[in-house]
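Worth knowing before you read on, the calculation uses all heavy atoms, side chains too, and leaves out hydrogens, waters and symmetry mates.
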Amino acid sequence: MMNKRVYGVLGISSVMANWNADFSGYPKTTSDGSTFGSDKALKYPMKKMWDNQGKPVVYIKSMRFEKGKKGEVSLIPRSLKERYEQIFDVADLKDCKDIESVLRNLFHAVDVKNFGATFAESGNNISITGAVQIGQGFNKYDYTDPQEQPILSPFRDASKVKDGEEAKNSTLGTKIVSNEAHYFYPFVINPLAYKEFVELGVTEGYTEEDYQNFKETSIVSATAFATNAKAGCENEFALFVETEEDLYLPCLSEYITFEKNEDKKEEKNVIRLNCSELLNKVKDKVQSIEIYFNPYTTKLEADVEGARYFNIITRKEV
């Protein structure tokens with residue numbers, strides 16, 4: 001089990017894209033109008049990346065065919081029980097009376113190992129608090145503005161009838177994006193979250209290998225996940241502060257500001273870390289600090305003792 005804590009921030013840029021929409025299709029906002037992205041929006045590209053790599057991921061949507069009584073075939077999402085059976089090659093979860101084997105299987109899933117799980121299926125009532133906890137990612141750019149784009153479909157809607165005649169024209173749709181937004185997500189990794197399960201012998205705990213896997217994926221997954229709405233969303237910043245187990249730091253995203261550079265000669269975004277004084281005062285309990293950013297689009301202002309700075313695209317030290 002890893003014997004350190006990790007505190008950090010993950011930054012996502014969204015340019016003419018919609019990083020996390022609510023049910024109305026607009027970017028999510030709080031009651032005071034502040035734009036934010038949920039932790040689920042950040043976790044999903046990571047899960048998708050792990051799934052594409054062939055790693056076991058339980059909590060992700062997957063589909064199957066279902067044949068009806070009249071022979072019709074429907075495409076429906078799998079239930080949690082069906083997903084578990086698919087991933088771990090179990091014939092029927094109801095026949096599994098060994099909760100220890102269920103726990104072992106769940107801890108072999110990369111998403112459960114990182115983010116935990118609530119698994120209440122077929123007599124199993126399991127709750128696992130994840131070692132990795134990710135907060136809500138608030139947009140730090142003051143001039144974010146949602147925009148509607150009308151979209152013309154290449155097809156008419158044959159179901160619409162007016163005055164006894166079918167529709168003659170193509171249908172119209174709408175795509176909603178933000179002109180620009182910059183989300184900063186705080187996270188903390190606490191390996192001791194699995195201490196009880198380690199004592200039960202169902203997992204080796206959260207390891208250094210697990211952490212490196214999370215770290216590698218968290219830096220690139222948003223950029224790699226290019227759907228229609230997410231095209232234009234990229235990883236632009238990451239901060240990893242590795243500390244001793246008994247150091248407790250506050251939410252580091254609160255110490256970060258974002259603004260556009262007022263110098264027209266250098267049209268780069270400015271990310272400013274205001275946690276330098278805090279981290280410098282606890283440096284005796286800090287093992288390492290790594291900061292990743294895009295030097296082609298961003299100017300980073302930070303003065304953290306002992307920090308190493310990396311190009312988030314090439315991973316080379318700058």
**Q.** Under the side-chain hydrogen bond (donor to acceptor under 3.5 Å, both in side chains) test, residues paired with Glu234 that sit two or more places apart
**A.**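 For Glu234 there are no side-chain hydrogen bond (donor to acceptor under 3.5 Å, both in side chains) partners, ignoring immediate neighbours.
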
Would you please say whether a donor-acceptor pair under 3.5 Å links the side chains of [X] and [Y]?
X	Y	answer
Gln86	Glu82	no
Ser38	Asn20	yes
Asn213	Lys55	yes
Lys260	Asn269	yes

Q.
Under the salt bridge (Lys or Arg N to Asp or Glu O under 4.0 Å) definition, can you give me all pairs with a residue in residues 123-151, not counting sequence neighbours?
A.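 Sorted result for residues 123-151: empty, none.
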
Which atom names give the shortest non-hydrogen contact between [X] and [Y], and what distance separates them?
X	Y	value
Phe88	Leu106	CZ-N, 4.2 Å
Pro250	Tyr255	CG-OH, 3.6 Å
Glu245	Arg5	O-NE, 3.1 Å
Asn18	Gly25	ND2-O, 2.9 Å
Tyr206	Ala131	CD1-CB, 3.7 Å
Ala109	Val58	CB-CG2, 3.7 Å

(Q) List the residues meeting salt bridge (charged side-chain N to carboxylate O under 4.0 Å, His left out) with Lys43, not counting sequence neighbours, and say none if there are none. (A)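 Only Asp39 meet the salt bridge (charged side-chain N to carboxylate O under 4.0 Å, His left out) criterion with Lys43.
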
Q.
Clusters formed by hydrophobic residues whose side-chain heavy atoms approach within less than 4.5 Å: which one holds Phe65, and what are its other members?
A.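 Result for Phe65 is Met63, Val73, Leu75.
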
Q.
Who clusters with Phe138? Use side-chain heavy atoms, under 4.5 angstrom, across I, L, V, M, F, W and Y, and order the result by chain and number.
A.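 So far as hydrophobic clustering goes, Phe138 is joined with Phe36.
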
For [Y], does its backbone N or O pair with a side-chain atom of [X] as donor and acceptor, under 3.5 Å?
X	Y	value
Asn235	Thr223	yes
Thr314	Lys316	yes
Asn179	Tyr143	yes
Thr207	Met1	no
Lys61	Pro77	no
Lys28	Trp19	no

Let me check something: do [X] and [Y] share a hydrophobic cluster, defined by ILVMFWY side-chain heavy atoms less than 4.5 Å apart, either directly or through other members?
X	Y	result
Phe293	Tyr185	no
Ile271	Ile291	yes
Met16	Tyr141	no

Salt bridge check, [Y] against [X]: does any charged N sit closer than 4.0 Å to a carboxylate O?
X	Y	result
Glu290	Arg315	no
Arg83	Asp51	yes
Glu85	Arg78	no
Lys113	Glu204	yes
Glu121	Lys81	no

Q. Taking atom NZ of Lys94 and atom CG of Asn124, what is their separation to the nearest 0.5 Å?
A.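 Going from NZ on Lys94 over to CG on Asn124, the span is 12.5 Å.
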
(Q) Can you tell me how far apart OG1 (Thr118) and CG (Asn125) are? Round to the nearest 0.5 Å. (A)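 It is 9.0 Å, given to the nearest 0.5 Å.
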
Q) Just wondering, do Thr30 and Gln136 contact through their side chains at under 4.5 Å, heavy atoms? A)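 In short, these two side chains do not touch, never coming nearer than 4.5 Å.
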
Q. Is there a side-chain contact between Leu249 and Val188 (heavy atoms, below 4.5 Å)?
A.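 When only atoms from C-beta onward are counted, Val188 and Leu249 do not touch, as no gap falls below 4.5 Å.
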
Ring center gap for [X] and [Y] short of 6.0 angstrom:
X	Y	value
Phe187	Phe214	yes
Tyr84	Phe119	yes
Tyr44	Phe225	yes

Q: Hey, could you give me each pair passing ring-ring contact (aromatic ring centres under 6.0 Å, His included) that has a residue in residues 294-318? Not counting sequence neighbours.
A: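 Sorted result for residues 294-318: Tyr292-Phe310.
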
Q | Criterion ring pair (Phe, Tyr, Trp, His ring centres under 6.0 Å) on Tyr194 and Phe107, from CA distance to verdict | A | CA-CA 10 Å; Tyr194 299 150; Phe107 271 108; 5.2 Å; yes

More than 12 heavy atoms of other groups within 6.0 Å of [X] [atom1]:
X	atom1	answer
Glu199	CD	yes
Gln149	CD	yes
Asp92	CG	yes

